Amino acid sequence: MKLDSKIPEGPLDKKWTNHKSNIRLVNPANKRNIDVIVIGTGLAGASASASLAEMGYNVKAFCFQDSPRRAHSIAAQGGINAAKNYQNDGDSVYRLFYDTVKGGDYRSREANVYRLAEVSTNIIDQCVAQGVPFARDYGGLLDNRSFGGVQVSRTFYAKGQTGQQLLLGAYSALSRQISKGKVKLYNRHEMVEIVKVDGKARGIIAKNLVTGELERHGAHAVVLASGGYGNVFFLSTNAMGSNGSAAWKAHRQGALFSNPCFTQIHPTCIPVSGTYQSKLTLMSESLRNDGRIWVPKEKEDAEAIRQGKLKPTDLPEEKRDYYLERRYPAFGNLVPRDVASRAAKERCDAGYGVNKTGQAVYLDFASAIQRYGKEEAAVQGLKNPSAQEITDLGKKVVASKYGNLFQMYEKITGDNPYQTPMMIFPAVHYTMGGLWVDYNLMTSVPGLFATGESNFSDHGANRLGASALMQGLADGYFVLPYTIGDYLADDIRTGPISTDSKEFEDAENEIVERTQKLMNAKGKHSVDEYHKKLGLIMWNECGMSRNAEGLKKAMKEIQELRADFWENVKIPGNINEYNPELDKAGRVADFLELGELMCKDALEREESAGGHFREEHQTEEGEAKRDDENYAFVSCWNYKGNPSDAELIKEDLVFENIELKTRSYK
Amino acid sequence: MNLTLKVWRQQNADSKGEMVTYKVSDITPDMSFLEMIDVLNEGILSGDIEDKQNYGPVAFDHDCREGICGMCSMYINGEPHGPGRAVTTCQLHMREFSDGETIYIEPWRAKAFPIIKDLVTDRSAFDRIIQAGGYVSVNTSGNTQDANALPIPKENADAAFDAATCIGCGACVAACKNSSAMLFTSAKVAQLSLLPQGEPEREKRVMDMVKQMDEEGFGNCTNTGACSVECPKEISLENIARMNREFLRANLTSSK
Amino acid sequence: MSGLIKSSLAKKYWMAATGLFLCLFLVGHLAGNLQLFIPGEEGKIQFNEYAKFMTTNPIVRVLSIVTFASVLFHVIDGIILTVANKKARPQNYAYSKPSKNSIWTSRNMGVLGTIILAFIITHLSNFWYKMKFGSLPVDSAGYTDLHGVVMEAFQSPIYVIIYVVSMVAIGFHLWHGFSSAFKTMGVSHKSYTPLIEKAGYAFSVIIPLGFALIPIYVFLTNS
């Protein structure tokens, strides 16, 4: 298979404009005769559905939740980046582009990232026009904050609920088109297969989750906006329903899967507290602006803390190890996500972890409280304030900045973070890898498109904070609606896609057979038991750090687990009813294949880049060692039956505008 | 902790449901309420927990499990989302309960939210209310005016944001003795009426959304305030008054 | 404009508007009734003269028709709303603890209203009907002696209890109803809503208390 990424000719900053001017269009009268299916209603899906419908296409939108507003984009806290330069701090499209490529450890496509930075400014205009209530300053203008290691303030936000506000904006645009009849919504529906006719994606088989019925839906193009696959780890910050199945079905139908091993582990999440745990909760990255991360210097102290014999507040300064400040004096607690996560793991593995399980580090606001307290006392003109007064004032300032996060932490853990340091640990958060797409966001299957987190395109090996929202909306509002026309221009005479064809028939039969097979398994273990086992294998061997031996072992274990799953899984109830266990089983079946491919990809990539850290490839000081000579490519996996047999195709990454450098935060 | 659960079980929309008793044990205070239900379901699946009538695992809506998607929806011990304040069911933790306690778990009950199975209800009535007008009619051209061309007083922007934090879970309807959807509807009306972007469609929006709300079969607001108390996002009752004002104004001034 | 007749909000507007009008009526009614505290023949004549004025003055007659209409409207609208509210939840919770999220009076306006309606009927048949259609004696000044009827009625402890209990019901009804009516009409602002609420609580205590004192006073002084 030969890959054509269709990157337009010309200078970087003209590529998108030129491309838009040159690609083919579909005239409005013809759009009325063209159907598009969109899977998922998150930022990418809702915005794409709304935009395509506005343009005149007939859209069918699918979501497995009860309402399109529930897609997991809603949980994004921090913000959305855009190169508006409202703060006049020297931001520009180029700088956003540069930061994104560098932050991604030089494993993304220049042209795609530049386009993303270019349209980022439109996103903010669009969202404000929709009534998204971004934070504003007293002059009534939009406020910005800085985020994750970059040197400018370009992040637009709505308190700690930016994702929610942006999604509700996209949802409102979608709702408007539903009310006009241009979008038909299928909620509580899950796509279970992509149907190809003559090699082109021409529809899907969807399952009505309430009745269990299978439905055939034909269309001239299918757009996947189905999110990432972080739930392969079982425990992650993803929603319980987030799954990789749509992308995996696409992969099975011939769409290449790119960089599956690039997973983002977020450093500040609430640690696991027991085996019953179902998900992990993120604490916004913004906490690292003021919190200091530490573990005890002595193992005995860590041990005593774990056993509850010693309180962290009783440990004197000189017995604490502020390891990020020690290792990375220049960036300290504000190193990028991948670096912070690995450092925490390193300390815990060495036996310095602090909660019962030994898998947690402290995030301490005591010194911030003191610092702010003194400042505030000075502002208020207090002379010789008492220690208590300073602490009280400091707590007030911290509360005004992070009050809702502190409250959330207390609700979950029962600890008061104003009095005792928070405990945090890294958790799986985002997957940079995904379906391979060309510049038009089309996968290697003609007519099948992938947007948002489900594609691989913009974040390389590590995503910067506040960039996921940007990409989802950029793809859905401003990229796909244009580029899809280039493909659909061939379909103006095709007419409606019949769902009576043999291809639909076969696809449906295969699903029925597969479901029957699941239901007929011997019934010894629940779906969750398998999912948890898979998650543990992935976390241990394909998590924050990986090595060849572990990855090989993991692949073998996953193969065995998969075989056991099909043999012994237990699914209650019937096929033709609302049966969440059955739906879950279908998703876990796919994860059991995807997980293996992730390990294979991690094994293949003999370098450390971004979220992918191979223990064999590190400097003497334990920092990541990239290999630009041999691994400056996108790994694209072609499905060949078993994941272990997948064929590797490489798309070489060409850097014409950026010089490749080693990331250093020392 | 050991607990007695009394859970509403109902096979499907057409069948008659009943409260069924289950015993769960080894619940730890750090578990979230939904994780406790996970334990119940694993127990039912494995046969460790007695499920006399063979209902199987309890069906319940849940997704993000961090209090923002609005999917989880249980009426626990007589209150939507249980005894906690400003929390969704997934943010409710078992430390709020005591050993040996009996916990009642029911679905949202409203004509407009028909039960699909067990604790799962159909809340698409909310979607239809939004579809009736809960948006600004602007196409995604990317050529709208610059975001900063129109300053908005911080106070209004903040108030709009507070109203916009509604997660559409339906606790307001569940809590209201009249199953009224006024808090939900008014939150969206208020958000857009506070912003200049919402101005052109201000009258039409409130009239259309109220009309849809009425058609869905929700009850009437009697200002008991239960909705706001139980709202996981603490949406203010002020929004309802604002919608009352907007609707009155629209009917008196609109040319329609 | 059809929204002001058919919609759920319209029904609430009418409920609030009639309720607030009836609050005004209560003030006027109490002001007149306070004359019952004036002792002796002088008080008797003054009250009877007032009663005559109230039943004959054309403006007052118009007002009284509006009042009757308001009561009727308030009752019918209330029934319509209550029926709709019941329909909105065909199946009730097996276990519910509404006291956790709302006050009793706010949830029982219908019950309180029914008590009040029963009271109004009793009250009208006791006094208004007798005044209007009965053959009452006249006082020394030639006015129909409603004062005497009042004095006689409140000799009975049962009447006194009925009246006092009914005033408690009115108090509870107003406790929620007064400020709620303003909110329903859209009158709400963080600067004055607390004032309206406080005024409502004061109103719901003072007015019914004033009414309730009359039968108690009469009972204690005349028997």
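Everything quoted here is computed from the prediction, not taken from an experiment. Chain A is the first sequence line, chain B the second, and so forth, proteins listed ahead of strands; every chain is numbered from 1.
- Among B/Leu195, B/Asp158, B/Ile130, B/Asn41, the residue with the largest count of heavy-atom pairs under 4.5 Å with chain A is B/Ile130.
- Across A/Asp125 and B/Ala147, no two heavy atoms sit closer than the pair OD1-N, 2.8 Å.
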**Message:** Assess the residue pair B/Cys69 and A/His72 against the criterion (side chain to side chain contact (heavy atoms under 4.5 Å, CB included)); give the C-alpha distance rounded to whole Å, side-chain angles, the decisive distance to 0.1 Å, and a yes or no.
**Reply:** CA-CA 7 Å; B/Cys69 76; A/His72 199 53; 5.9 Å; no
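- In this structure, the portion of B/Gln145 lying under 4.5 Å from any heavy atom of chain A is its backbone and not its side chain.
- The distance from atom CG of A/Leu473 to atom OG1 of B/Thr140, rounded to the nearest 0.5 Å, is 10.5 Å.
- Side-chain contact between A/Gln126 and B/Val138 is present, with at least one heavy-atom pair separated by less than 4.5 Å.
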**Prompt:** What's the verdict on side chain to side chain contact (heavy atoms under 4.5 Å, CB included) for B/Thr144 and A/Gln130, showing C-alpha distance, side-chain angles and the deciding distance?
**Reply:** CA-CA 10 Å; B/Thr144 47; A/Gln130 283 169 345; over 6 Å; no
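- In this structure, the side chains of B/Phe161 and A/Gln161 come closer than 4.5 Å at one or more pairs of heavy atoms.
- When the shell of 6.0 Å around NZ of B/Lys211 is examined, it contains 12 or fewer heavy atoms from other residues, nucleotides or ligands.
- A/Arg176 approaches B/Val136 most closely through the heavy-atom pair CD-O, 4.2 Å.
- Residues B/Glu42 and A/Asp528 are in side-chain contact: their nearest non-hydrogen atoms beyond the backbone lie under 4.5 Å apart.
- Of the two parts of A/Ile74, the backbone and the side chain both hold a non-hydrogen atom closer than 4.5 Å to a non-hydrogen atom of chain B.
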**Prompt:** Stepwise, does the side chain to side chain contact (heavy atoms under 4.5 Å, CB included) test hold for A/Lys159 with B/Asp162?
**Reply:** CA-CA 10 Å; A/Lys159 284 203 183 147; B/Asp162 288 342; 3.8 Å; yes
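- To the nearest 0.5 Å, atoms SG (A/Cys127) and CD (B/Gln197) are separated by 11.0 Å.
- Using a 4.5 Å heavy-atom threshold, the side chains of B/Thr165 and A/Gln165 count as touching.
- When only modelled atom types and interatomic distance are considered, A/Ser273 and B/Asp30 share no side-chain donor-acceptor pair under 3.5 Å.
- Closest approach of A/Arg136 and B/Ala157 over heavy atoms only: CD-CB, 3.7 Å.
- The contact between B/Arg95 and chain A is made entirely by side chain atoms (from C-beta outward), counting heavy-atom distances below 4.5 Å.
- Surrounding CD of B/Glu199 are more than 12 heavy atoms belonging to other residues, nucleotides or ligands, all under 6.0 Å away.
- The part of A/Asp137 that comes within reach of chain B is its backbone (N, CA, C, O), which places non-hydrogen atoms under 4.5 angstrom from that chain.
- Neither the backbone nor the side chain of A/Ser47 comes within contact range of chain B, judged by heavy atoms closer than 4.5 Å.
- With hydrogens and angles ignored, the 3.5 Å screen pairs no side-chain donor or acceptor of A/Arg70 with any backbone N or O of B/His62.
- Proximity of A/Glu581 to B/Pro57: side-chain heavy atoms (C-beta onward) are separated by under 4.5 Å at one or more points.
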**Message:** As a quick check of understanding, evaluate side chain to side chain donor-acceptor pair (under 3.5 Å) for A/Asn187 and B/Arg123, giving each step before the final call.
**Reply:** CA-CA 11 Å; A/Asn187 64 333; B/Arg123 287 168 285 184; over 6 Å; no
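- The distance from the CG atom of A/Leu168 to the CD atom of B/Gln191 is 7.5 Å, given to the nearest 0.5 Å.
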**Request:** Might you work through the side chain to side chain donor-acceptor pair (under 3.5 Å) test for B/Glu66 and A/Thr281, ending with a clear yes or no?
**Result:** CA-CA 6 Å; B/Glu66 53 183 285; A/Thr281 305; 5.7 Å; no
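- Between chain A and the options B/Leu34, B/Val39, B/Asp118, B/Asp127, heavy-atom pairs under 4.5 Å are most frequent for B/Asp127.
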**Message:** Could you go through B/Gln91 and A/Ile412, starting from their C-alpha distance and side-chain angles, then the distance that decides it, and tell me whether this counts as side chain to side chain contact (heavy atoms under 4.5 Å, CB included)?
**Reply:** CA-CA 7 Å; B/Gln91 292 174 305; A/Ile412 294 173; 5.9 Å; no
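- Between chain A and the options B/Asp122, B/Ile68, B/Asn148, the largest number of non-hydrogen pairs under 4.5 Å is found for B/Asn148.
- Across B/Pro29, B/Ser137, B/Ser32, the residue that shares the most heavy-atom pairs under 4.5 angstrom with chain A is B/Ser137.
- Remark: B/Lys154 qualifies as a cation-pi partner of A/Tyr138 under the 6.0 Å distance and 45° angle criteria applied to the six-membered ring.
- Taking all atoms of both residues into account, the shortest heavy-atom contact from A/Tyr171 to B/Phe126 is OH-O, 4.4 Å.
- With contacts defined as side-chain heavy-atom distances shorter than 4.5 Å, the pair B/Met31/A/Gln277 does not qualify.
- Checked for salt-bridge contact, A/Lys84 and B/Asp146 meet the test: a charged N lies under 4.0 Å from a carboxylate O.
- For A/Phe156, no part lies under 4.5 angstrom from a heavy atom of chain B.
- Each of B/Gly84, B/Pro153, B/Gly70 has some count of heavy-atom pairs under 4.5 Å with chain A, and the biggest count is that of B/Gly70.
- A/Lys279 places none of its side-chain heavy atoms less than 4.5 Å from the side chain of B/Asp63.
- Looking at B/Leu194, neither its backbone nor its side chain comes within 4.5 Å of chain A, counting heavy atoms on both sides.
- For the pair A/Pro580/B/Phe60, no side-chain contact is recorded, criterion being any heavy-atom separation below 4.5 Å from C-beta on.
- Of the atoms belonging to A/Thr413, it is backbone heavy atoms, and not side-chain ones, that fall under 4.5 Å from chain B.
- At least one donor-acceptor pair under 3.5 Å links the side chain of A/Lys570 to the backbone N or O of B/Leu45.
- Across all their heavy atoms, B/Gly134 and A/Ser172 have their closest contact at O-CB, 3.5 Å.
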**Request:** Please report the C-alpha distance between A/Arg188 and B/Asp61 in whole Å, then the side-chain angles of each, then the deciding distance to 0.1 Å, and finally whether the salt bridge (charged side-chain N to carboxylate O under 4.0 Å, His left out) criterion is met.
**Result:** CA-CA 11 Å; A/Arg188 293 195 193 270; B/Asp61 264 332; 2.8 Å; yes
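- Among B/Asn54, B/Leu150, B/Ile152, the residue making the largest number of heavy-atom pairs under 4.5 Å with chain A is B/Ile152.
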